[in-house]
Amino acid sequence: MSGDYEIDGWDDDEATEAAVKTLENTSRRAAEERRSAADQEMAERIKKAVDAARPGLDKVPDPVEPSGDGDLTPQEEERLAACVAGVELLSTAYWVAGKSLDTMAVGRLFRRLPHKLEPSRCYATIEEWASVEHGIKQSRASKLRAGWELGEVLNASGYKAPEGQVRELVPLKNRHGLKVAVGVYQLVVTAVGADKVTAERIRETVRMLSGDLALSDADTPEVIVHTLNEAIGSAEPPQPKPSAALPAELKRDVDRRAVALADRLDRGRIDRQVVLGHLLAAFADEDDSRVFDAVFDRMKKASS
């Protein structure tokens, strides 16, 4: 009996070739299935990562009463971290909105959007679209558009600059350029520390710069920093405004006397501001100088 044989009419070579092709096809299908499973697993991981990073109200825990007066529990620490992260979104959310508005405005991307209240026409301006669609007033839209570029640069540099701080630098940016405004922010950071920068500190620093400051975006960063340092170093520090607030003890005395005044007049409670209004009117009365003279005597004694 010969060692050669046939399978279903094939000789040995044909059978071997068919078996090889079957194995190759099976291997290919298995590889494709593995790739598909791997791709699906990767897609699920990416989706989970995106969902975890996505901001939203569902990520902020609901308000609950504290667990006690002492240290925060691990659960409270977790809720605190989520809330702080939510608040910090403001440092970029303003500029995302501002850049979006500016991009839509410059490119007139709103021009074919049907008006919500008048569908027969489209929006004429970005301000009209922002107001009707999102309740953003024109002044608000203008501020967001004016500040986004500076806000974007500061955030990209690692500074969590909120809207109020950026707004103090916008006039400076408009006069001298983006690099100068960023330079002033960095000077404030260097002077007080990134965690102590406030809108008031920025405002005070800008006030120390002369109106004829000769700087622009054409200057190098080194020139900008040197010039700003010289300008601020030679400026007179701003004087604090005198406080108009009454001392707490004086407030109590005024309120006590206001009660006595109300009793004499047989009236209900008299507000402190009403008393002050009458007092100032009496002080300004040129026909009756008794209050004026009393104030004069008290001030003369205080200065002696």
Side-chain angles (χ1 to χ4, degrees), residues 35-36 39-62 82-186 199 202-203 206 215-219:
R35 281 197 299 271
S36 177
D39 290 344
Q40 185 175 356
E41 182 181 359
M42 180 59 70
E44 290 176 357
R45 288 182 180 178
I46 292 174
K47 183 178 183 301
K48 287 181 180 179
V50 170
D51 288 342
R54 173 185 56 81
L57 284 173
D58 58 310
K59 301 293 179 65
V60 181
D62 293 331
C83 292
V84 170
V87 174
E88 287 181 346
L89 283 173
L90 285 174
S91 65
T92 55
Y94 291 126
W95 315 130
V96 170
K99 187 174 184 179
S100 299
L101 287 169
D102 207 34
T103 298
M104 290 178 66
V106 174
R108 291 190 58 81
L109 303 179
F110 57 84
R111 63 184 182 273
R112 302 304 297 167
L113 292 175
H115 196 287
K116 179 187 286 187
L117 305 179
E118 304 173 42
S120 60
R121 72 176 181 88
C122 296
Y123 289 103
T125 65
I126 188 61
E127 290 79 13
E128 184 182 37
W129 176 84
S131 176
V132 173
E133 297 284 346
H134 298 282
I136 302 175
K137 294 182 179 180
Q138 179 174 346
S139 59
R140 178 76 169 131
S142 298
K143 289 177 181 177
L144 290 171
R145 289 182 60 190
W148 75 260
E149 189 176 12
L150 181 54
E152 182 180 51
V153 171
L154 290 174
N155 275 271
S157 301
Y159 302 118
K160 294 178 180 178
E163 184 184 16
Q165 294 179 13
V166 172
R167 192 183 299 135
E168 296 296 335
L169 291 168
V170 168
L172 190 70
K173 177 184 80 72
N174 293 341
R175 290 196 303 270
H176 302 289
L178 182 63
K179 290 195 293 186
V180 175
V182 172
V184 169
Y185 191 92
Q186 291 173 331
I202 294 174
R203 188 181 310 122
V206 172
L215 281 176
S216 73
D217 276 350
D219 295 305

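As a basis for the values below, the full set of heavy atoms in this structure was taken, side chains included, without hydrogen atoms, waters or symmetry mates.
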Roughly how far, to the nearest 0.5 Å, is the [atom2] atom of [Y] from the [atom1] atom of [X]?
{"X": "Arg203", "Y": "Leu169", "atom1": "CZ", "atom2": "CG", "value": "11.0 Å"}
{"X": "Glu152", "Y": "Ser157", "atom1": "CD", "atom2": "OG", "value": "10.0 Å"}
{"X": "Lys179", "Y": "Ser216", "atom1": "NZ", "atom2": "OG", "value": "8.0 Å"}
{"X": "Glu163", "Y": "Thr92", "atom1": "CD", "atom2": "OG1", "value": "12.0 Å"}
{"X": "Leu101", "Y": "Ile136", "atom1": "CG", "atom2": "CD1", "value": "5.5 Å"}
{"X": "Lys116", "Y": "Ser131", "atom1": "NZ", "atom2": "OG", "value": "10.5 Å"}

Check: Leu215 main-chain N/O paired with Asp219 side-chain donor or acceptor under 3.5 Å: no

Does the Arg111 side chain pair with the main chain of Arg108, one donor and one acceptor, at a distance under 3.5 Å? yes

Quick check: closest heavy atoms across [X] and [Y], and the distance to 0.1 Å?
{"X": "Val184", "Y": "Val206", "result": "CG1-CG2, 4.3 Å"}
{"X": "Ala82", "Y": "Lys59", "result": "CB-O, 3.9 Å"}
{"X": "Leu144", "Y": "Tyr94", "result": "CD2-O, 3.6 Å"}
{"X": "Pro114", "Y": "Pro119", "result": "CB-O, 4.3 Å"}
{"X": "Cys83", "Y": "Val60", "result": "SG-CG1, 4.3 Å"}
{"X": "Ala181", "Y": "Leu172", "result": "CA-CD2, 4.1 Å"}

Quick one about Gln165 and Tyr159 (side-chain donor to acceptor, distance below 3.5 Å, no hydrogens or angles considered), yes or no? no

Would a 4.5 Å heavy-atom cut-off, applied to side chains only, mark Val132 and His115 as touching? yes

Salt-bridge criterion met for Arg140 and Glu127 (N-O under 4.0 Å): no

Under 4.0 Å between a side-chain nitrogen and a carboxylate oxygen: does that hold for Glu128 and Arg121? yes

Tell me whether Gln138 at atom CD has more than 12 heavy atoms from other residues, nucleotides or ligands lying less than 6.0 Å away. no

Return yes when atom CZ of Arg112 has more than 12 non-hydrogen atoms of other residues, nucleotides or ligands closer than 6.0 Å, and no otherwise. no

Tell me, with the steps shown, if Glu149 and Leu178 meet side-chain contact (heavy atoms from CB on, under 4.5 Å). CA-CA 8 Å; Glu149 189 176 12; Leu178 182 63; 3.8 Å; yes

In sequence, state the C-alpha distance, the side-chain angles, and the governing distance for Trp95 and Val166, and then conclude on side-chain contact (heavy atoms from CB on, under 4.5 Å). CA-CA 10 Å; Trp95 315 130; Val166 172; 3.6 Å; yes

Would you please indicate yes or no on a ring centroid separation below 6.0 angstrom for His134 and Trp129? yes

